[in-house]
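Notes to accompany the following structure.
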Amino acid sequence: MNMTDFLNLPFVEVLKLLVRGSVEAYLSEKEASASTAAEAAKPECESLDMNGALAFLNANGYPIKRGQLYKETSKGTIPFQKFGSKLHFRKSELLQWAEARLTDGNAIGVLVSTAQKGGKR
């Protein structure tokens with residue numbers, strides 16, 4: 001409806017159209033935000049496959065390669081489960097495992113190399 005159509009209608013009818021349009025816009029906005037909130041409220045999956053575990057650890061600052069992750073599973077030093085022949089990991093367990101392996105650079109027993117590159121000076 002354009003502006004000239006509004007001018008030809010009685011004031012009460014124009015008011016009704018404006019209110020109806022505002023209410024419809026408000027309700028559609030609420031519906032959209034409710035569906036977004038419902039999606040955000042879904043619990044995130046705790047289980048990861050091998051690729052997911054690699055991506056998760058690397059994204060959280062624990063760089064590891066596929067081969068190293070397989071070594072850790074075969075040694076039994078990293079928590080994992082098997083479903084058939086597939087390896088599965090829990091995010092919370094991976095974070096605990098990775099954080100337990102952090103070392104303090106100032107810890108006693110950590111060797112600090114003082115050798116300079118380039119030979120004699």
Side-chain angles (χ1 to χ4, degrees):
M1 191 173 260
N2 63 34
M3 189 59 136
T4 56
D5 293 337
F6 280 117
L7 295 175
N8 295 329
L9 290 175
F11 178 73
V12 173
E13 294 301 316
V14 171
L15 202 55
K16 284 181 185 178
L17 288 172
L18 290 173
V19 170
R20 181 180 297 139
S22 295
V23 169
E24 288 173 355
Y26 173 78
L27 291 176
S28 65
E29 183 179 304
K30 279 299 217 184
E31 185 179 307
S33 67
S35 65
T36 303
E39 289 175 14
K42 285 183 187 175
E44 190 175 326
C45 184
E46 172 76 3
S47 181
L48 299 168
D49 62 3
M50 177 62 83
N51 292 332
L54 285 167
F56 178 75
L57 287 170
N58 284 297
N60 283 287
Y62 304 107
I64 189 167
K65 294 183 179 177
R66 178 180 296 277
Q68 183 62 36
L69 191 54
Y70 274 119
K71 283 182 189 176
E72 298 292 338
T73 59
S74 66
K75 289 191 291 186
T77 58
I78 190 168
F80 71 97
Q81 294 81 38
K82 281 185 106 172
F83 185 78
S85 62
K86 302 289 183 186
L87 299 175
H88 289 271
F89 305 86
R90 288 194 176 100
K91 289 180 182 180
S92 58
E93 291 176 347
L94 284 176
L95 282 178
Q96 288 175 347
W97 172 82
E99 289 171 358
R101 274 138 192 84
L102 292 176
T103 58
D104 183 2
N106 298 322
I108 297 174
V110 174
L111 296 176
V112 178
S113 176
T114 56
Q116 295 178 344
K117 293 182 179 178
K120 296 181 183 179
R121 291 195 178 201

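The shown structure was predicted, so the numbers you read here are calculated from the model rather than taken from an experiment.
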Cluster link Leu102 to Trp97, ILVMFWY, side chain under 4.5 Å = yes
ask   = Residues two or more places apart in sequence or in another chain: which of them pass side chain to side chain contact (heavy atoms under 4.5 Å, CB included) with Ala55?
value = none
query = Listed by chain and number, what are the side-chain hydrogen bond (donor to acceptor under 3.5 Å, both in side chains) partners of Glu72, not counting sequence neighbours?
reply = Gln68, Thr77
query = Which atom names give the shortest non-hydrogen contact between Leu57 and Ala98, and what distance separates them?
reply = CD2-CB, 4.1 Å
message = Are the side chains of Leu48 and His88 in contact, using a 4.5 Å heavy-atom criterion?
response = no
ask   = Under 4.5 Å between any side-chain heavy atoms of Glu93 and Phe80, yes or no?
value = no
task = Measure the spacing between CZ of Arg66 and NZ of Lys71 and express it to the nearest 0.5 Å.
result = 14.5 Å
Residues which pass side chain to side chain contact (heavy atoms under 4.5 Å, CB included) with Val23, listed by chain and number, not counting sequence neighbours = Val19, Leu27
inquiry  = Let me confirm one number: the CD-OG distance from Glu24 to Ser28, rounded to the nearest 0.5 Å.
reply    = 8.0 Å
remark   = Heavy-atom closest pair (Asp49 atom, Phe89 atom, distance to 0.1 Å) is O-CD1, 4.0 Å
message = Any heavy-atom pair between the side chains of Ser92 and Glu46 that's under 4.5 Å?
response = yes
task = List in chain and number order the residues that pass side-chain hydrogen bond (donor to acceptor under 3.5 Å, both in side chains) with Ser22, two or more places apart in sequence or in another chain; answer none if no residue qualifies.
result = none
ask   = Apart from Phe11 itself, which Ile, Leu, Val, Met, Phe, Trp or Tyr residues share its cluster (side-chain heavy atoms under 4.5 Å, direct or through members)?
value = Leu15
message = Are more than 12 heavy atoms, taken from residues, nucleotides or ligands other than Glu31, located less than 6.0 Å from that residue's CD atom?
response = no
Atom pair NZ (Lys30) and OH (Tyr26), whose distance is rounded to the nearest 0.5 Å = 4.0 Å
task = Provide the closest heavy-atom pair for Thr73 versus Tyr70 in the form atom of the first, atom of the second, distance.
result = OG1-O, 2.7 Å
remark   = Separation between CD1 (Ile64) and CD1 (Ile78), nearest 0.5 Å, reads 5.5 Å
query = In Å, rounded to the nearest 0.5 Å, how long is the span from CG of Leu94 to CG of Asn60?
reply = 9.5 Å
request  = Check side-chain hydrogen bond (donor to acceptor under 3.5 Å, both in side chains) between Ser85 and all other residues, then give those that pass, not counting sequence neighbours.
outcome  = none
inquiry  = With heavy-atom distances below 4.5 Å as the criterion, would you say the side chains of Leu54 and Lys65 are in contact?
reply    = no
